[in-house]
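Here the structure comes first, spelled out in structure tokens, and everything after it is commentary.
All values derive from a computational prediction rather than experimental measurement.
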Amino acid sequence: MEESLNQTDCSYNEPFALQVLGDSMEPEFPDGCIIVLERTDRCAHGMYIMTLVEGVRWFRQYLNDEEGERLVALNDLYPEIPLEGLDWKPEAVVLQRNIKRKVKHYEY
């Protein structure tokens, strides 16, 4: 996502697509699948989000429960990212996933 985009432009608020690279979000989002995201500055427990944490972008599941706020990779090989005390903000939420033309929609 381009930082220099004008947030007042109509196109800034339009959904956009990205290709997932890597295996951190498998099996739900395998390497190479396409996700469609919608820009937002809010998120809720269980949402799949694109977020900026300490200047680094992450695609993870946002969890907020008795264990606190954190970002979780679906692949157990990757550690959780506890958010307490970090500078972070949600940037977009996943609306749908496309794997070889099989589309799955996410409603939160």
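- Between the side chain of N98 and the backbone N or O of I34 there is no donor-acceptor pair closer than 3.5 Å.
- Between Y62 and W88, the distance separating the two ring centers is shorter than 6.0 angstrom.
- Other residues, nucleotides and ligands contribute more than 12 heavy atoms inside 6.0 Å of the CD atom of E54.
- T51 contributes a side-chain N or O that, together with a main-chain N or O of K89, makes up a donor-acceptor pair within less than 3.5 Å.
- Shortest non-hydrogen contact noted between V20 and F29 is CG1-O, 3.8 Å.
- Within the 4.5 Å cutoff, the side chain of Y48 has no heavy atoms near those of the R97 side chain.
- The heavy-atom pair separating I99 from C33 by the smallest distance is CG1-CB, 3.7 Å.
- Residues L71 and I49 are in side-chain contact: their nearest non-hydrogen atoms beyond the backbone lie under 4.5 Å apart.
- The minimum heavy-atom distance linking A92 with F16 is given by the pair CB-CZ, 4.0 Å.
- Neither L95 nor V103 shares a network with the other; the hydrophobic side chains, linked directly or stepwise wherever heavy atoms of I, L, V, M, F, W or Y lie under 4.5 Å apart, form separate groups for each.
- The CG atom of N75 lies 11.5 Å from the CG atom of D31; values are rounded to the nearest 0.5 Å.
- L86 and F59 fall within a single hydrophobic cluster, where Ile, Leu, Val, Met, Phe, Trp and Tyr side chains are chained together by heavy-atom contacts under 4.5 Å.
- In terms of heavy-atom proximity, A73 sits nearest to M25 at CA-SD, 3.9 Å.
- By the neighbour-count criterion of 12 heavy atoms within 6.0 Å, atom CG of D65 is densely surrounded, having more than that number from other residues, nucleotides or ligands.
- Distance check, rounded to the nearest 0.5 Å: CD of Q61 to CD of E28 gives 9.0 Å.
- Tracing side-chain contacts under 4.5 Å through hydrophobic residues (I, L, V, M, F, W, Y), one never reaches V72 starting from M50; they form parts of separate clusters.
- In terms of modelled atom types and a separation under 3.5 Å, the side chain of E38 and the main chain of V93 share no donor-acceptor contact.
- Taken from CG in D76 to OG in S24, the straight-line distance is 12.0 Å, to the nearest 0.5 Å.
- Shown here for V94 and L37, the closest heavy-atom pair between the two residues is CG2-CD2, 4.0 Å.
- In terms of heavy atoms, R70 sits closest to P82 at CB-CA, 4.0 Å.
- Following chains of ILVMFWY side-chain contacts shorter than 4.5 Å, one cannot reach Y78 starting from M47, and the two form parts of different hydrophobic clusters.
- In terms of modelled atom types and a separation under 3.5 Å, the side chain of E69 and the main chain of N64 share no donor-acceptor contact.
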